[in-house]
Q: 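Just dropping this structure here.
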Amino acid sequence: MTARRPRKRRIEPLVWLMFSGGGVMAAVFLPVLVFLFALAFPLGWISPPDHDHLLAVVGHPVTFLFLLGMFVVLLVHSAHRFRYTLYDGLQLKRKRMVAVLCYGAAVVGSIAAVVVLWAAT
Amino acid sequence: MTEVRVHHRPISTWWWTRKPTYFVFVMRELSSIFVAWFVVYLLMLVYAVGRGEAAYEDFLAWAATPWVVVLNVVASLFLVLHVVTWFNLTPQAMDVRIRGQKAPASLVVASQYVGLAVVSAFVLWLVTR
Amino acid sequence: MADSIRLEVTRYRPEGDSGPEVQEYDVPLRKEWTVLDGLNHVKDEVDTTLAFRWSCRMGICGSCGMNVDGEPKLTCATFLSDYAPGPVRVEPLANFPIVRDLVVDLYDFMEKLPRVKPWIIRDDDLTVIDGEYLQTPEELDAYKQFSMCINCMLCYAACPVYGLDPEFIGPAAIALAERYDLDSRDRGARERLDVLIEHEGVWGCTFVGECTRVCPKHVDPAGAIQRYKLKAAKENVMAFLLPRGAR
Ligand code: SF4
Ligand code: FES
């Protein structure tokens, strides 16, 4: 009974961890970023920071790593949630294709994030 | 044993409109689309900042056009729904213990809002310094 | 208060060739009467052919679960007066096949439950002579909430994921797995994880949370499932980080 069978390595737990990490990031970091950059600055509620300062912040290696990590987990979070919304909400039957499309989009988005962030450093 | 002719009830595609709790659940899950939108939006911002002062000004002007504002307001509402539901579910999802005692749910929820406030203040300081 | 209330009861006769139909009955509306009392009144006084399950009338046996106005409820703990002036829809528990009238087929759960091995698993086999396994009040407290389940299946009826994907092992079974995992006498956590880490185990759950909302015993199956996900994830990370022998 005590014989330990080698456990298969699985992808679901890893995806779920990234989904959860993304959920935390979306709840903790996204609100202030959205408030500032999507509402307050464009609409002039707060005067926008000048370009040089923003470039210095975005160009910093720590910001680069942080933003990249955040964007990746946010994309996985979205893809994972949306995948199950399609299963449950719309009762889609072609589950494999839905999964490939959702996670595929997250991968493409992550690559785009690397390119864009790299260009800004 | 005799074969019993059981009846299976089909589930309507609109099952989630039948109960308020189901509806909130599906709206919560749909917040994922808007989280993805904000990733795209922030990447466009970073791209504009990287391209120079003029591109950055253009981006801010574009972000103030009506349809972008409407989209961002709607997306923000979904983000708020995500924040509230995410924080509320955390005490259920994690067994937080303080000195062996189960931490009260209200404490777990409240401490997350404190975290949100601290992070927000820091980001605000960093970008407007 | 009006002196009667209308029940709209689902009828289904497997020997006929039509699907389920609704039959209406007017039953006395008394302050202390539950939906189950109303059904028993129908059975005793009006229509002896009505079929439904019940036993204890006190929220212990878990056999009287039905959908009352669309919500899974123990009918022996649901008062008619809360639905006045009516009518009240009484349907068989959602997500299960109907056998007859308000009786559903629970075979699917009966088949799934033993898969999570809801019993104490030991490495050693002590006999009674060796003495009992002692447990402190704190150790009892760790799993007590999850041991309150009465297998009433309200959580399965409330779960849209189970309704849409019958492969999903479901809330109560996972809560019971957690009940034994958390028991200080048990050593079977790993065997249960082997079952639950599969796709039809915990991963289909999207944390709708309805199971916890409808549970009459405050078992919180949704919480148990999320904790299982975390456990499975930790285990998996360990498997990636540590060489096989060290685990
Ligand atoms: S977990 Fe609660 S709702 Fe589900 S079967 Fe057990 S007692 Fe009933
Ligand atoms: S009759 Fe036993 S729980 Fe209702």
Side-chain angles (χ1 to χ4, degrees), chain B residues 1-36 78-109 111-112, chain C residues 10-21 67 69-72 91-101 103-105 107-108 138-139 141-142 145 158-166 178 182 205-210 212-214 220-231:
Chain B
M1 206 178 101
T2 48
E3 203 46 46
V4 182
R5 204 173 60 93
V6 297
H7 176 81
H8 291 267
R9 289 165 283 180
I11 294 182
S12 145
T13 309
W14 301 101
W15 62 268
W16 48 277
T17 58
R18 303 268 157 86
K19 245 202 252 184
T21 45
Y22 286 161
F23 183 75
V24 171
F25 159 72
V26 170
M27 289 303 115
R28 182 191 92 190
E29 300 298 285
L30 283 181
S31 70
S32 57
I33 298 176
F34 299 98
V35 169
F78 274 91
L79 185 63
V80 169
L81 179 64
H82 168 78
V83 174
V84 173
T85 51
W86 191 269
F87 285 175
N88 279 347
L89 289 177
T90 304
Q92 233 179 313
M94 292 202 328
D95 189 28
V96 184
R97 290 187 177 260
I98 303 169
R99 277 187 251 106
Q101 292 286 325
K102 198 168 163 43
S106 53
L107 187 73
V108 178
V109 175
S111 58
Q112 295 179 98
Chain C
T10 303
R11 301 297 309 265
Y12 170 69
R13 294 163 203 80
E15 58 277 2
D17 35 32
S18 57
E21 284 158 11
N67 270 41
D69 265 2
E71 280 275 303
E91 297 161 308
L93 273 185
N95 295 341
F96 291 100
I98 311 177
V99 177
R100 172 185 288 273
D101 297 345
V103 178
V104 291
D105 179 5
Y107 176 81
D108 185 58
E138 290 76 43
E139 286 168 337
D141 211 43
Q145 179 184 21
C159 176
V161 175
Y162 176 68
L164 294 165
D165 178 10
E178 181 75 345
L182 291 175
C205 167
T206 44
F207 209 167
V208 185
E210 281 293 290
T212 295
R213 212 172 58 77
V214 300
D220 192 8
I225 299 173
Q226 307 318 306
R227 283 174 223 178
Y228 247 108
K229 288 181 185 167
L230 198 59
K231 248 192 271 189

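All figures in this text were calculated on a predicted structure; none of them were measured in a lab.
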Q: Heavy-atom cut-off 4.5 Å, strictly under: side chain, backbone, both or neither for C:F207 against chain B?
A: both
Q: What closest approach, in Å, do C:C205 and C:K229 show between heavy atoms, and which atom pair accounts for it?
A: O-NZ, 2.8 Å
Q: What part of B:R18 gets closer than 4.5 Å to chain C, counting heavy atoms only: side chain, backbone, both or neither?
A: neither
Q: Who wins among C:V208, C:L230, C:V99 for the most heavy-atom pairs under 4.5 Å with chain B?
A: C:V208
Q: Strictly under 6.0 Å, is that where the ring centroids of B:W15 and B:Y22 end up?
A: yes
Q: According to the interplanar angle, ranging from 0 to 90°, do the rings of C:Y162 and C:F96 count as parallel (below 30°), tilted (30 to 60°) or perpendicular (above 60°)?
A: tilted
Q: Counting only heavy atoms closer than 4.5 Å, note whether C:N95 contacts chain B via side chain, backbone, both or neither.
A: both
Q: Taking side chain as everything from C-beta outward and backbone as N, CA, C, O, which of these in C:R100 sits under 4.5 Å from a heavy atom of chain B? Side chain, backbone, both or neither.
A: neither
Q: If only atom types and distance count, is the side chain of B:S31 paired as donor or acceptor with the main-chain N or O of B:M27 below 3.5 Å?
A: no
Q: If you count heavy-atom pairs within less than 4.5 Å of chain B, which of C:P160, C:G70, C:A142 leads?
A: C:P160
Q: Please classify the contact between C:T212 and chain B as side chain, backbone, both or neither, with a heavy-atom cut-off of under 4.5 Å.
A: side chain
Q: Heavy-atom cut-off 4.5 Å, strictly under: side chain, backbone, both or neither for C:I225 against chain B?
A: neither
Q: Taking C:R11's backbone N and O only, do any of them form a donor-acceptor pair with C:D101's side chain (distance below 3.5 Å, no angle check)?
A: no
Q: Quick one: of C:A94, C:G209, C:A222, who has the most non-hydrogen atom pairs under 4.5 Å with chain B?
A: C:A94
Q: Of the listed residues (B:D95, B:I11, B:T21), which shares the most heavy-atom pairs with chain C below a 4.5 Å separation?
A: B:T21
Q: Which atom pair, heavy atoms only, marks the closest approach of C:E210 to C:A158?
A: CB-O, 3.6 Å
Q: Do you know the tightest heavy-atom contact between C:N67 and C:P92?
A: CB-O, 4.0 Å
Q: Could you label the plane-to-plane angle of the B:F78 and B:F34 rings as parallel, tilted or perpendicular, counting under 30° as parallel and over 60° as perpendicular?
A: parallel
Q: Looking at chain B, which one of C:A224, C:G16, C:G19 has the largest number of heavy-atom pairs inside 4.5 Å, strictly under?
A: C:G16
Q: Out of C:V104, C:D141, C:T206, C:D105, return the one with the most heavy atom pairs under 4.5 angstrom to chain B.
A: C:T206
